[in-house]
Amino acid sequence: MNVNTAAKITQQLLSAGHSVADNDQEADVIIFNTCCVRNTAEQKILSHIALAKQLKLKNPNLKIAVIGCLSAKRKIHGVDILLGTEDAMDVVEKLGVGLKALPPEPNDTAYIDITYGCENYCSYCIVPFVRGRLRIRPYDEIINEFNQVKDTAKDIYLLGQNVNAYPNFPQLLAKLAEQPGDFKLHFLSPHPKDFDFETIKVMAKYPKIAHDIHLPMQSGCDKILKLMNRKYTVADYLNIVHQLREYIPDIHITTDIICGFPGETDEDFNTTVKIVEQIKFSAAYIFPYSNRSGTVADKMPDQVPFRTRKARATKLVEIMRKMS
Ligand code: SF4
């Protein structure tokens, strides 16, 4: 999503006659498009902003803009423009450039937002607080953007924090997959609790829908899934995997897993390991649990020591590496 927003902002500024600076010393404007889903991302961006503020001492005309999640979460002093995710595109106008209705850049890969925000409130996640409640993009806008990219893009991604929360998602997918053009359709990221059998049937029916799916599991232990407020069980998840493989035998399934969530014992972690070994994902993004202030999980008892979180993540990465 951030790549998509950054590309649109870049395109607007280039069309107004700006160019991309070779390095930050030469820049008149530095825009940070931030993500604060994990603490490490937040710390990294804060140190980059601090460096940019030093450049401002040498070049008082330098403008610094911070947009995205981080700006919605905290005040950042000493910068010129601060905008949350919903208003991120306003940075173009705030820099004195009129926002134009530009056609998307011809590109091999195109991203189309279909939902914004999320209201699932998984107990570890900061997204509902920084990206706001679920908003559905109007159908006509989606079709319009799709028609603009379908003749040039090889891969088209439908995006949403919870992409299959879009009303009648399988129908939208089918409608787009029926359009002429030499493209593959992907969607990121579906939530297992909203994943219905209809979507699998549509994926199997239309050759233009890619046979890859990123389906975040987060944990293979029911106790932890409940604490995470994920609203599905391991059995529900296995059932989706089973159906996907039955109807789409060459499907590639990838996932996200959090290790060391509060309350996760060695036994709970081993349960997750067994499920990962059973499913044999094509790839998995494995992270130690990251505390985010303001979330329910941050205040939960039985926080797992950071060293244990990391050790479990490292172990699971190694298991995945061998399986891949
Ligand atoms: S569904 Fe995804 S974005 Fe929404 S709260 Fe859960 S983890 Fe965060």
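The analysis underlying the following values was restricted to heavy atoms, covering all of them including side chains, and did not include hydrogens, waters or symmetry mates. When a ligand or atom number is given, it counts from 1 through the structure's own listing order.
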Any luck finding a side-chain donor-acceptor pair between [X] and [Y] under 3.5 Å?
X	Y	result
Asn291	Arg309	yes
Asn2	Asn4	no
Tyr124	Gln218	yes

What's the shortest distance from [atom] to any protein heavy atom, and which residue and atom give it?
atom	result
atom 8 (Fe) of ligand 1	Cys125 SG, 2.3 Å
atom 1 (S) of ligand 1	Asn120 ND2, 3.3 Å
atom 2 (Fe) of ligand 1	Gln161 O, 4.2 Å
atom 6 (Fe) of ligand 1	Cys122 SG, 2.3 Å

For Tyr232 and Tyr237, take the angle between the two ring planes, folded into 0 to 90°, and tell me which bin it lands in: parallel under 30, tilted 30 to 60, perpendicular over 60.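 Aromatic pair Tyr232/Tyr237 classed tilted.
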
Parallel, tilted or perpendicular, as decided by the 30° and 60° cut-offs, for the rings of Phe32 and His48: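 Tilted.
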
Asp268/Lys223 ion pair, N-O < 4.0 Å: yes

Give the contacting part of [X] toward ligand 1: side chain, backbone, both or neither, where contact means a heavy-atom distance below 4.0 Å.
X	result
Val127	side chain
Cys118	side chain
His191	side chain
Tyr121	backbone
Pro128	side chain

Ligand 1 to Tyr124, heavy atom cutoff 4.0 Å, flagged ligand atoms 7 (S)

Rounded to the nearest 0.5 Å, what's the gap from CD1 on Ile112 to OH on Tyr157? Could you check? 12.5 Å

Just by modelled atom types, is the Leu82 backbone N or O under 3.5 Å from a matching donor or acceptor in the Ser71 side chain? no

Has Arg131 got any heavy atom lying under 4.0 angstrom from an atom of ligand 1? no

